[in-house]
2 protein chains.
Amino acid sequence: MTESPVHHESPIYRRIADRLRDQILSGALGDGDRLPGENALMNEYGIARATARQALAVLINEGLAVPKRGSGVYVRLFRPIRRHGSRRLSREQWAQGLAIWDSDTRGRSYAVDEVRIAREAASEHVGRVLGTEEVWVRRRRYSVDGRPVQLAASFFPADLVEGTAVVLPDTGPGGVYARLGELGHAPVHFSEEVRARMPLPGETELLNLPAGTPVISVTRVALAEGGVAVEVNEMTLDAASYVLQYDFDA
Amino acid sequence: MTESPVHHESPIYRRIADRLRDQILSGALGDGDRLPGENALMNEYGIARATARQALAVLINEGLAVPKRGSGVYVRLFRPIRRHGSRRLSREQWAQGLAIWDSDTRGRSYAVDEVRIAREAASEHVGRVLGTEEVWVRRRRYSVDGRPVQLAASFFPADLVEGTAVVLPDTGPGGVYARLGELGHAPVHFSEEVRARMPLPGETELLNLPAGTPVISVTRVALAEGGVAVEVNEMTLDAASYVLQYDFDA
DNA sequence: GAGTGGTCTAGACCACGTA
DNA sequence: ACGTGGTCTAGACCACTCG
């Protein structure tokens, strides 16, 4: 009774997914092309609806396809923004009154909304880095070409920025870094931590993410002269919309 | 006696997923704890098996839980490696005979396997950057504490490294960068591009990735004096195992 | 052996987009 | 109006893990 060498073929849904994936990666199906739908797969392979759905779900969860209600399943488009990690934060940028965002988008239209500014108790992590218990927070969402691509929350020590333009909706030319400079706390060094993970439901909603799209989480700490942390910025990026670039010397 | 579903609210499977997610994020269910299984959810909520599966699939695809055949569904563990983008590639590192990997793992055991070295025709992208049509490639896989965490492929201009230790399995103290230095092409500048996406099936297999785990794709170009590209390194990291850190001045 | 997740069938009704 | 994907039921058999 031992035995039965159980040879394992791939399940049907996986073989169908493999075949469709090949067509996408080989370019036989291009950006935005329509995939065979549930009904088409049922007929073509003689399978149940749930099995056809399962095959499509594989590609959707891989981020290769996006379903459109009442219409079909389509090959996903990919058009990333290049975000320069160091050049964009050079002193010349904000010293000349440019928004950081300007160096990323190269003329593509962008917008900021969902701006919320508040004084809050610092989270454990932020409080430890900034060495304070009360912070001012600037939360906002960035969109490019009408599509939301990034959520950001900047934290400042409350005592440092209280009553300044840093806590106003419009921070003026050069943004908060220029204002911090005027306060004698110009950032001179930055440290960024980059992670990637699947989005939480709130992020999925605010960034309008289809299934199969990870987010890139960037946590930046801005340090003034003497190594004093003056800002923590927690950013959540649509991974399908970004390429991060970092340059450094050996 | 079935109740008609109310469609102004979230679907059942999503509400169940939300509840379980809350328990995970609030810490009520900790790392490695067992979630209620399919049968438990069927009984508890009076739903069909497929619906219970759907609820669990949400959490699995979010990377919050991992299914174990014949056993159950468990809260996922998270234990990242910190990878320093600039410090680790400083000249002192490889000039002192240290492997780059040493600066990442802080004493945790690591291993390299699946090493394959070959002379190949360059891909379109790599060929353009290196300005050559033939390349030597070093492919390998890194594991930490017995778990695979990274795939890497380093490309070098074939003419530059032909017959040198760069194309040998053991590249000697300080690794390929030290060897390139001896050839008069020491890297002086690095440029890294960071992306995140869902893994392809081959990557899922080699990195042993559970569903819901993105990969971080890092493409590094090493430039010698005069801006000549001497290496392109394409890395694929298990996103659940890494935190990338980049430091730079304003 | 009992329980678990993995795959699959054959139906059903719904909300939605497009024509 | 029709076809699409979204949700759900009620079964079934399998391979696997664990006590």
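Scope of the values below: all heavy atoms of this structure, side chains included, with no hydrogens, waters or symmetry mates. Every value quoted in this text rests on a predicted model; they were computed, and no experiment measured them.
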Checking all strands, does Arg14(A) fall into the base, sugar-phosphate, or nothing category for heavy-atom contacts under 4.0 angstrom? nothing
Separation of dG5(D) P from Tyr13(B) OH (nearest whole Å): 15 Å
Spell out, as yes or no, whether a donor-acceptor pair under 3.5 Å connects the side chain of Ser71(B) to the backbone of Lys68(B). no
Please list, chain by chain and in numerical order, all residues satisfying side chain to side chain contact (heavy atoms under 4.5 Å, CB included) with Glu62(B), sequence neighbours excluded. Pro201(A), Arg21(B), Val58(B), Leu59(B), Leu64(B)
State, without any angle test, whether Glu192(A) and Tyr246(A) hold a side-chain donor-acceptor pair at a distance under 3.5 Å. yes
Close N/O contacts between protein and nucleotides 17-19 of chain C (under 3.5 Å):
from	atom 1	to	atom 2	distance (Å)
dG17(C)	O4'	Arg69(A)	O	3.3

Hey, which of Arg140(B), Arg138(B), Arg139(B) is the one that makes side-chain hydrogen bond (donor to acceptor under 3.5 Å, both in side chains) with Ser154(B)? Arg140(B)
Looking only at non-hydrogen atoms, find the nearest pair between Arg141(B) and Pro148(B) and report the distance. CD-CB, 3.9 Å
Residue set satisfying salt bridge (charged side-chain N to carboxylate O under 4.0 Å, His left out) with Arg34(B), at least two apart, ordered chain then number -> none
Looking at Arg220(A) and Glu234(A), does any basic side-chain N land under 4.0 Å from a carboxylate oxygen? no
Leu41(A) and Leu35(A): CA distance, side-chain angles, deciding distance, side chain to side chain contact (heavy atoms under 4.5 Å, CB included) verdict: CA-CA 10 Å; Leu41(A) 293 177; Leu35(A) 294 175; over 6 Å; no
Sequence neighbours excluded, which residues qualify as salt bridge (charged side-chain N to carboxylate O under 4.0 Å, His left out) partners of Arg69(A)? none
Note: contacts of residues 47-60 of chain B with DNA chain C (heavy atom, under 4.0 Å) are Arg49(B), Arg53(B)
In whole angstrom, what separates Ile12(B)'s CD1 from dC13(C)'s P? 17 Å
Tell me which residues in residues 36-44 of chain B lie within less than 4.0 Å of DNA chain C, going by non-hydrogen atoms. Gly37(B), Glu38(B), Asn39(B)
Nearest listed nucleotide, side chain of Arg34(A), among dT4(C), dT4(D), dC8(C): dT4(D)
Lys/Arg N to Asp/Glu carboxylate O, Arg116(A) vs Glu114(A), below 4.0 Å: no
Distance only, no hydrogens: is a donor on one side chain within 3.5 Å (strictly under) of an acceptor on the other, for Thr213(A) and Arg197(B)? no
Toward the 5' end of DNA chain C, by each residue's nearest nucleotide, Gly72(B) or Pro11(A): Gly72(B)
